[in-house]
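One structure is given here, and the rest of the page talks about it.
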Amino acid sequence: MSLPTTMNAVVIEGKQAVIKNDIPLPEYPTTYILVKTRAVGGNPTDWKHIEFGIGPQGSIVGCDVAGEVVSMGKDVDTSKFQLGDKVFSFAHGTCVRKPDNGAFADFVALDSELTFKLPKDATFAESETIPEGKVSTFEEAASIPLSWFTAGGALFHEMELKFDNIDSTTPQHNYPLLVWGGATALGQAVIQLAKRYHGYSKIITVANKKKHEKQLLTYGADEVFDYHDKDVIQQIKSKYNNIQRLFDCVSTLDTLQQVYQCGPDSMDAIVVNFTSKSINDIKPEIRKSNVSVIRTVVYLALGYDVFMAGNKIPADSKYKEDMIKYVKEINPRLINGEFHHPPIVVYKDGLNGAVKLTKDIQNGINVGKKLVSTFH
């Protein structure tokens with residue numbers, strides 16, 4: 001197809017996400033592919049970049065995209081990608097380094113080495129609500145990228161899990177993993193991955209027990225605690241005082257304190273948060289010398305320095321290498337149904353839908369599900 005020189009896109013204007021036309025198509029490296037957008041997924045990071053001024057004014061919003069390849073850089077591996085392929089991955093939306101490329105646009109540039117492929121016969125879903133299941137449509141594909149890359153980065157890069165432990169009866173680490181926020185899109189991915197590769201002796205999760213216990217147990221959680229219980233931390237500590245890896249998949253200031261307190265009293269432990277928080281954000285009266293706090297920055301998978309909130313996070317080539325291996329490993333398992341996407345609510349109005357779902361996520365209506373907008 002002959003490509004236009006401009007497109008429509010959602011950009012930051014003040015503290016709003018607004019649709020602009022006549023936006024130039026993104027420029028991109030020779031290993032990238034250009035995708036015609038068919039569906040986009042929303043993430044909390046989208047509205048946070050707008051509300052907290054993290055993203056530059058005029059930068060294109062959005063990370064998760066599924067679409068069709070319409071152009072390829074000269075160094076793309078043509079044994080893996082061809083024009084017309086149906087694919088899904090993430091862009092670093094509202095990026096300081098690359099403000100001209102985000103998912104909420106008619107065209108999106110994607111790193112081919114970090115891009116999943118859909119079956120050739122993939123098309124749109126027929127329903128506006130999609131239960132969890134295998135990835136076979138544009139909507140389902142758009143629900144995956146950022147949360148699954150974030151989960152993969154935390155487990156296979158930061159925690160150095162291996163892919164060769166699927167059929168082993170011995171866990172890679174003989175201690176439990178705590179997943180606070182198990183029903184979030186990120187939490188659902190972490191539980192499935194940790195279970196499939198037998199990363200830990202047990203998977204303990206915290207969620208709305210009434211709504212999500214059955215599903216989370218199916219995904220591989222061994223026990224579900226309810227965050228509504230005022231004594232939930234005491235419940236966890238009394239039964240498990242040996243949790244050496246704790247993932248805060250909600251990552252607010254409050255949940256960070258709660259997750260931190262679930263750490264053991266003596267053995268070394270790591271709390272992983274998915275924003276920019278550190279040990280300095282832990283209240284001094286509950287800090288312990290044996291429990292540290294780290295973060296994982298999924299955008300490092302792209303292989304560049306990451307600039308956020310005035311800080312430079314240096315490029316990490318190992319992060320990208322690990323995520324390239326991860327794509328090869330889990331792409332077929334997403335398509336064959338070994339791994340499931342979260343429940344999905346579909347907005348059928350392209351960029352208008354993308355704007356609406358961004359606001360809806362900010363208002364908290366996405367708990368336990370993923371919001372996706374389609375471009376027919």
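Proximity of a side-chain donor or acceptor of Gln257 to a complementary backbone N or O of Lys283 within less than 3.5 Å is detected. Of the possible donor and acceptor atoms, none in the side chain of Lys359 sits under 3.5 Å from a partner among the backbone N and O of Gln16. Checked by atom type and distance alone, the side chain of Lys288 pairs as donor or acceptor with a backbone atom of Gly263 at under 3.5 Å.
Of the residues Asn273, Thr275, Asn280, the one that meets the side-chain hydrogen bond (donor to acceptor under 3.5 Å, both in side chains) test with Lys277 is Thr275.
Under a cut-off of 6.0 angstrom, the local environment of NZ in Lys134 is sparse, with at most 12 non-hydrogen atoms contributed by other residues, nucleotides or ligands.
A cation-pi arrangement is not found for Lys162 relative to Phe156, the charged atom failing to lie both closer than 6.0 Å to the ring centre and inside a 45° cone about the ring normal.
Residue pairs meeting the side-chain hydrogen bond (donor to acceptor under 3.5 Å, both in side chains) criterion with at least one partner in residues 208-217, sequence neighbours excluded, do not occur; the list is empty. Residue pairs meeting the side-chain hydrogen bond (donor to acceptor under 3.5 Å, both in side chains) criterion with at least one member in residues 321-348, sequence neighbours excluded, are Glu132-His340, Glu140-His341, His157-Asp322, Arg196-Glu338, Tyr197-Glu329, Tyr197-Arg333, Lys318-Asp322, Glu329-Arg333, Arg333-Glu338, Asn336-Glu338, Tyr347-Asp360.
Between His49 and His92, the ring-plane angle classifies as perpendicular under the 30° and 60° cut-offs.
Under the 3.5 Å distance criterion, with hydrogens and angles disregarded, a donor-acceptor pair is assigned to the side chains of Asp248 and Thr255. With 3.5 Å as the limit, one finds a donor-acceptor pair spanning the side chains of Glu223 and Tyr240.
Between Phe116 and Trp148, the ring centre distance reaches or exceeds 6.0 Å.
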